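Okay, structure first, notes after.
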Amino acid sequence: MGAAEAAALIPAGATVGMSGFTGSGHPKAVPQALAARIEAEHAAGRPFKVNVWTGASTSPELDGALAKVGGIAQRLPFQSDPLCRQRINAGEIDYVDIHLSHVAQQAWFGFLGPLDVAVVEVLGILPDGRLIPSASVGNNKTWLDIAQHVILEVNTLPPRELEGMHDIYYGTAIPPRRKPIHLEHATERIGEPYLRVDPAKVIAVVPTHHADRHTAFAKPDADSRAIAGHIIDFLAHEVQKGRLPKNMLPLQSGVGNVANAVLAGLLDGPFEELLGFSEVLQDGMLELIRTGKMRAASATAISLSPEAMREFTERIDFYRERIVLRSQQISNHPELVRRLGVIAMNAMIEADIYGNVNSTHLMGSAMMNGIGGSGDFARNGYLSFFVTPSTAKGGSISCIVPMVSHVDHTEHDTQIIVTEQGLADLRGLSPRQRAQVVIDRCAHPDWRPLLQDYFDRARRSGGAQHTPHLLGEALTWHQRWLDTGSMRP
Ligand code: 0RQ
């Protein structure tokens, strides 16, 4: 049926589980038709909102369209749409920011309430009813399992040869019946290539022919290249010390330009036969596979620039042998991240001198995107890097601060902080030792004396000396930026 007819089957107040992960594999037609319907209902004076659950971020056709008409009551998990962000920060959307590996199980345990409708993009439906997944898997398995009704969008635009690239694991159960997940190698297959759905639940099948988001990346700038250089030197040092094998351990890389630049840096690095165990496969990882630097990679979504998408499509048979797409509760699973010894590299907004990291909030209160999978990988990885340029907004903000304005990753979860200035290896250090290393290695020279002054005075303050702080002053940097446009006194 058409998208409008299908959208008419979604009632006001429904909780809708949509496919989609970092701009790929989301439904494109039904959310827009639903937004048009919501707009018409609002114009007629009738309230109409839905709760929207996804895999991760989607696109203007989904988050953007629904946020624009004020149609979202609750949203979870990771999002990055500007209109959606605006509504969240205006207090109009209840945004629930959950670790990506936790979403499926929390829904499954019943912690989030019932799921009324799943709207899932697929590439095709087999005669026996199994579904060919599209460019992302995300939470689709779970949405199809637990939703009362299912709407399928069958997209004929993405390369049909994606068929066979997926590995959908049906072996999980609810505690106390859970079993170990027998995945011992990053790109091992433990499931099946298709999604299952009970045909009795399918209330609509909507044909579409639409491309994914395909955002282009900025060319790595000097800061990103410097950050990548510090990480590669450090990894080489770890190999030399015998703490990492020569071809390293599986790599996870977060979203964004800096993360992409780090992977670009590995192209010229000394490492061969790399493996990826990540959630998103971006341009940087595709390039590593293309050049043979990376043997194979596991992810839950492929999110490429238009140019990289062309390369991927042209040589899809080559890539299908080297890429496995899994459900996000598997791609990000703590058990697997820890067993495989993943090297986690994620971008952040700010870190404090003690190594607490903020990945999500601007000045304590405004949501940027969400925690995504950064916590899944950071807490459980073999090594965990957090990276950022040392300053933001033209130098008016130091990304190294006395105390972070929001904590996503505590000092207990973070190991290595990197800025273009240098790398702070915090493993095995006490808070006081950490602070000095972070100030010396990561802070921008313009801000270093102020941080040193704060730390020195906290040490002399007569207060407790495990994590020396001046509580009355710790967040004044942020307040000053809000008041004056600069953190500088
Ligand atoms: O704002 O766009 O208005 O200029 O924050 O900063 O430098 O463009 O950073 O694109 O690499 O994203 C952490 C947000 C970094 C991302 C974050 C301002 C800065 C700019 C963005 P403008 P950049 P990136 C796996 C891993 C969480 C999820 C995650 C993210 C904007 O990486 O969402 O890790 N991570 N997932 O000006 C105030 C500061 C600031 C600041 C930067 N200290 N204070 N504003 N900005 N530093 C993937 C998934 O989970 C799907």
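Fair warning: this is a prediction, and the values are worked out from it, not measured in the lab. As the structure lists them, so they are numbered: ligands from 1, and atoms in each ligand from 1. Side-chain atoms are counted along with the backbone in the values below, which use heavy atoms only and exclude waters and symmetry mates. Just so you know, residue 1 is the first one in the sequence shown, and it goes up from there.
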Q | Candidate with minimal heavy-atom separation from atom 47 (N) of ligand 1, of Thr300, Asp223, Ile349, Val280 | A |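 Closest candidate by heavy-atom distance is Ile349.
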Q | Nearest-option assignment for atom 41 (C) of ligand 1, heavy atoms, candidates Val401, Ile400, Leu362 | A | Leu362
(Q) Looking at atom 12 (O) of ligand 1, tell me if a protein heavy atom falls under 4.0 Å from it. (A) no
For [atom], what's the nearest protein heavy-atom neighbour? Residue, atom name and distance, please.
{"atom": "atom 24 (P) of ligand 1", "answer": "Gly256 CA, 4.6 Å"}
{"atom": "atom 51 (C) of ligand 1", "answer": "Glu279 OE2, 2.9 Å"}
{"atom": "atom 21 (C) of ligand 1", "answer": "Met368 CE, 3.8 Å"}
{"atom": "atom 15 (C) of ligand 1", "answer": "Ala347 CB, 4.0 Å"}
{"atom": "atom 35 (N) of ligand 1", "answer": "Ser359 O, 3.9 Å"}

Using a 3.5 Å cut-off on N or O atoms only, is [X] in polar contact with ligand 1?
{"X": "Lys393", "answer": "yes"}
{"X": "Gln252", "answer": "no"}
{"X": "Phe21", "answer": "no"}

Give the atoms of ligand 1, by number and element, whose distance to some non-hydrogen atom of [X] is under 4.0 Å.
{"X": "Asn369", "value": "14 (C), 30 (C), 33 (O)"}
{"X": "Ile371", "value": "28 (C), 29 (C), 36 (N)"}
{"X": "Gly370", "value": "27 (C), 28 (C)"}
{"X": "Gly372", "value": "50 (O)"}
{"X": "Thr22", "value": "51 (C)"}

Q) With respect to Lys28, which candidate in Glu61, Glu121, Glu153 satisfies the salt bridge (Lys or Arg N to Asp or Glu O under 4.0 Å) definition? A)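 Only one of Glu61, Glu121, Glu153 forms a salt bridge (Lys or Arg N to Asp or Glu O under 4.0 Å) with Lys28, namely Glu121.
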Heavy-atom distances under 4.0 Å decide this one: backbone, side chain, both or neither, for [X] against ligand 1?
{"X": "Thr388", "answer": "neither"}
{"X": "Met348", "answer": "backbone"}
{"X": "Phe377", "answer": "neither"}
{"X": "Ile397", "answer": "side chain"}
{"X": "Leu100", "answer": "side chain"}

Q: For the pair Arg290 and Glu287, find out whether any cationic side-chain nitrogen is under 4.0 Å from an anionic carboxylate oxygen.
A: yes
